[in-house]
Asks: 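Let me give you the structure first, and then I'll get to my questions.
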Amino acid sequence: MNSVQNPVDEIRALSDLIKSSIDKIEESCLSRGQIYPSANDPFTPQSEAARMAPDVQEYGSIVVAAAAQLIAATRPPPLGLATHALKFHVSSCIRVAINLHVAEILREGGPLGVHVHDIASPTKVDPTKLARVLRLLATNHIFLEVAPDVFSHNRLSSLLDTGKSVTSILADGDAKYDNTLGIAALFDHFGDEAVKSSGYITETLIDPKTARSGEPNQTAFNRAFKTDLPMFHWYDLEENAFRRRRFGIGMEGTQNVVAPDAILQGFDWKALPQGSLIVDVGGGIGSQTHALAKAFDHLSFVVQDRDAVIEEAAKFWNEKYPEAVKLGRVKLQAHDFFEPQPISGPSVFFMRMIMHDWSNDYCLKILSHLRSAAAPSTQLVIIDNIASYACPDTTSAQQTPGASTRLPPAPLLANKGEANVLAYLGDIQMLNLNNGSERTIAQFSELLRKSGWKLVRVAQGDGFEGENSKLIGVPA
Ligand SMILES: C[S@@+](CC[C@H](N)C(=O)[O-])C[C@H]1O[C@@H](n2cnc3c(N)ncnc32)[C@H](O)[C@@H]1O
């Protein structure tokens, strides 16, 4: 059991874990002559190098897991729970900051910070109200309040910066996220569709009409936005063109918030024979394929998605890698994955963040179409979060190669709690938006079995780093 008898011993054990892990982090960075990034310096991928070392990540995840567990064990319980119950205000305020271009204004204002009157001025909002929004964020370590009502960037807030000038954003707000890393776009989507939907989860789970539904149009999202359309169809409405574009770019953001080579890890793309065809099913604008096509020039690709998304994809490829499309090494194809798959027997069908959008019945339809089109040698690569149990996994799926993991040191939770919490937040987001689900390995194994595939290997991503896991299947 992951528990210690005396409650003070438990708190001490957590604090010891934090201390010993920090010592190991320092030792590891010193041994490589690297400096651990400061929480107050702006984020750049290069400056994250020290944190990205595998052992530093491992110890960092213990610090985060233990610190959150230590807070839970020490804060007065009513306040602890009240804090959790009100955290949605932080999500909403992040979106306020994005929509008032605070990150760009602060970058242009320089490191000494900008008075809230000047932050509010370009969008003509009330500076007194904005100061309260920014103070809540600063209290949560997003932005710094460097003097009363004067705010500047820190590492977390700098991620909200699109890198564009305030003038250009004010001139064309709809293009704010075009040609950016997509991180602000992703968080704007979270604060809009996801936060608003989340307010209706209780009614949706209780109402007998929706309680047991797996339909993508019987969700909290449908209540919040008063529509009968599944979210992806709703995006196709003319009035949602901005949201559709933002979602597409935000998906690129999901790649840019994790280690840049995450898609390349856990599956031996290099070992595939010359000319192998990879089909990126529900590939969005093709950001994953883009990373693969740049890394492996011996492979060919087809990116499939809905009509409207493939139109956006054409613009993306024209901008990022036009020669790949011109030479035919990358093809963009409108295809509904609930219809029979038009490409037979490719080397790989891969799907990133697709299964999690759908309930089991819908996943089975998608997987069955791919199975019908598969050759005996076709591999299936599913890239998604694994939402493991919060206790030790005792299911038979643990026998799958790559499935079992070491338990973290006591008294941490088996799934490392806060260090991996993004997978569980994502799970509820998928439930609210589409009746989708993040899954355990046992649940993936069952889905594959029922659709004629066999799960043969799992390459677990590092949840602390935000990296998705890969589940590899072959025709059964
Ligand atoms: C969460 S996004 C993932 C995109 C991409 N795989 C990635 O990782 O960046 C889900 C994608 O599924 C696509 N999609 C939804 N319904 C679809 C359908 N019926 N047929 C094909 N694609 C669909 C969406 O348009 C969206 O691009």
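Read the numbers this way: they start at 1 and go in the same order the structure lists the ligands and their atoms. The figures here come from the full heavy-atom set of this structure, side chains too, leaving out hydrogens, waters and symmetry mates.
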Asks: Which residue owns the protein heavy atom closest to atom 12 (O) of ligand 1, what's the atom, and how far is it?
Replies: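 Looking only at protein heavy atoms, the one closest to atom 12 (O) of ligand 1 is Ile354 CD1, 3.5 Å.
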
Asks: As an exercise, identify every atom of ligand 1 less than 4.0 angstrom from a heavy atom of Val309.
Replies: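 Every atom of ligand 1 under 4.0 Å from some heavy atom of Val309: 25 (O).
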
Asks: Mind checking whether Thr254 has an N or O less than 3.5 Å away from an N or O of ligand 1?
Replies: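 So ligand 1 has no N or O lying under 3.5 Å from an N or O of Thr254.
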
Asks: Taking C-beta and beyond as the side chain, do Glu418 and Leu413 meet within less than 4.5 Å on heavy atoms?
Replies: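 Glu418 does not reach Leu413 side chain to side chain.
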
Asks: Who's the nearest protein heavy-atom neighbour of atom 15 (C) of ligand 1, and how far?
Replies: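 Ranked first by proximity to atom 15 (C) of ligand 1 is Phe232 CD1, 3.5 Å.
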
Asks: Is it the case that ligand 1 has an N or O less than 3.5 angstrom from some N or O of Gln288?
Replies: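 Such a contact does not occur with ligand 1.
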
Asks: Which residue holds the protein heavy atom closest to atom 7 (C) of ligand 1, what is that atom called, and what is the gap in Å?
Replies: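 It is Arg352 NH1, 3.5 Å.
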
Asks: So is Trp358 in contact with ligand 1, going by heavy-atom distances below 4.0 Å?
Replies: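 Checking ligand 1 against Trp358, which is what was asked, there is a heavy-atom contact under 4.0 Å.
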
Asks: From the options Glu446, Gln443, Arg439, select the one residue that forms a side-chain hydrogen bond (donor to acceptor under 3.5 Å, both in side chains) with Asn360.
Replies: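 Exactly one candidate clears the test, Arg439.
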
Asks: So do the side chains of Tyr177 and Asp188 get within less than 4.5 Å of each other, counting heavy atoms only?
Replies: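 They are in contact (side-chain heavy atoms under 4.5 Å apart), so the answer is yes.
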
Asks: Within 45° of the ring axis of Tyr36 and under 6.0 Å from its six-membered ring centre, is that where the NZ or CZ of Arg51 lies?
Replies: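 Judged by the rule, Arg51 and Tyr36 form a cation-pi pair.
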
Asks: Examine the proximity of ligand 1 to Ile285 and report which part, side chain or backbone, both or neither, has a heavy atom under 4.0 Å away.
Replies: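 For Ile285, no heavy atom sits under 4.0 Å from ligand 1.
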
Asks: What protein heavy atom sits nearest atom 26 (C) of ligand 1, and how far away is it?
Replies: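 For atom 26 (C) of ligand 1, the nearest protein heavy atom comes out as Asp305 OD2, 3.6 Å.
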
Asks: Tell me the protein heavy atom at minimum distance from atom 4 (C) of ligand 1, and give that distance in Å.
Replies: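 That would be Gly282 O, 3.4 Å.
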
Asks: Rounded to the nearest 0.5 Å, how far does NZ of Lys416 lie from OG of Ser388?
Replies: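 If I round to the nearest 0.5 Å, the distance is 11.0 Å.
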
Asks: Checking contacts here: is it the side chain or the backbone of Ile383 that comes within 4.0 Å of ligand 1, counting heavy atoms only? Could be both or neither.
Replies: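 Within the 4.0 Å criterion, Ile383 makes no contact with ligand 1.
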
Asks: Does the cation-pi check pass for Lys331 over Phe301, that is, NZ or CZ under 6.0 Å from the six-membered ring centre and within 45° of its axis?
Replies: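 The answer is no, since Lys331 fails at least one limit relative to Phe301.
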
Asks: Within a strict 4.5 Å, meaning less than it, do heavy atoms of the Lys270 and Phe296 side chains meet?
Replies: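 When only atoms from C-beta onward are counted, Phe296 and Lys270 do touch, with a gap below 4.5 Å.
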
Asks: Can you pull out the closest protein heavy atom to atom 2 (S) of ligand 1? Residue, atom name and distance to 0.1 Å, please.
Replies: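 It is Met251 SD, 3.6 Å.
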
Asks: Ligand 1 and Asp336, any nitrogen or oxygen pair closer than 3.5 angstrom?
Replies: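 There is such a contact, yes.
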
Asks: Looking only at heavy atoms, is any part of His335 under 4.0 Å from ligand 1, and if so is it the side chain, the backbone, or both, or is it neither?
Replies: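 Just the backbone.
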
Asks: Any sub-3.5 Å donor-acceptor pair from Arg244's side-chain atoms to Tyr235's backbone N or O?
Replies: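 Answer holds: yes.
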
Asks: Taking all heavy atoms of Pro475 and all of Trp453, pick out the closest pair and write down the distance.
Replies: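 Reported closest heavy-atom pair: N-CE3, 3.6 Å.
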
Asks: Flag the pair Lys320 and Glu252 as a salt bridge only when some basic side-chain nitrogen lies within less than 4.0 angstrom of an acidic carboxylate oxygen.
Replies: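 A salt bridge links Lys320 with Glu252.
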
Asks: Of the protein's non-hydrogen atoms, which lies at the shortest distance from atom 22 (N) of ligand 1, and what is that distance?
Replies: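 Among all protein heavy atoms, the one nearest atom 22 (N) of ligand 1 is Phe337 CE2, 3.3 Å.
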
Asks: Any idea which protein heavy atom is nearest atom 10 (C) of ligand 1, and the distance to it?
Replies: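 Ranking protein heavy atoms by distance from atom 10 (C) of ligand 1, first comes Asp357 OD2, 3.3 Å.
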
Asks: For His290 and Phe316, take the angle between the two ring planes, folded into 0 to 90°, and tell me which bin it lands in: parallel under 30, tilted 30 to 60, perpendicular over 60.
Replies: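 Taking Phe316 first and then His290, their aromatic rings stand perpendicular (interplane angle over 60°).
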
Asks: Just to be sure I read this right, does ligand 1 sit under 4.0 Å from the backbone of Phe338, its side chain, both, or neither, counting only heavy atoms?
Replies: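 Near ligand 1, Phe338 shows its side chain, while the N, CA, C and O stay back.
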
Asks: Under 6.0 Å between the ring centres of Phe143 and His153?
Replies: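 Aromatic pair counts; centres sit under 6.0 Å.
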
Asks: Indicate yes or no: does an N/O atom of Met353 lie under 3.5 Å from an N/O atom of ligand 1?
Replies: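 Min N/O separation from ligand 1 is not below 3.5 Å for Met353.
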
Asks: If you measure every N/O of Arg306 against every N/O of ligand 1, is any gap under 3.5 Å?
Replies: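 Yes, Arg306 has an N/O under 3.5 Å of an N/O on ligand 1.
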
Asks: Heavy-atom pairs closer than 4.0 Å: do any link ligand 1 to the side chain of Tyr362, the backbone, both, or neither?
Replies: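 For Tyr362, no heavy atom sits under 4.0 Å from ligand 1.
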
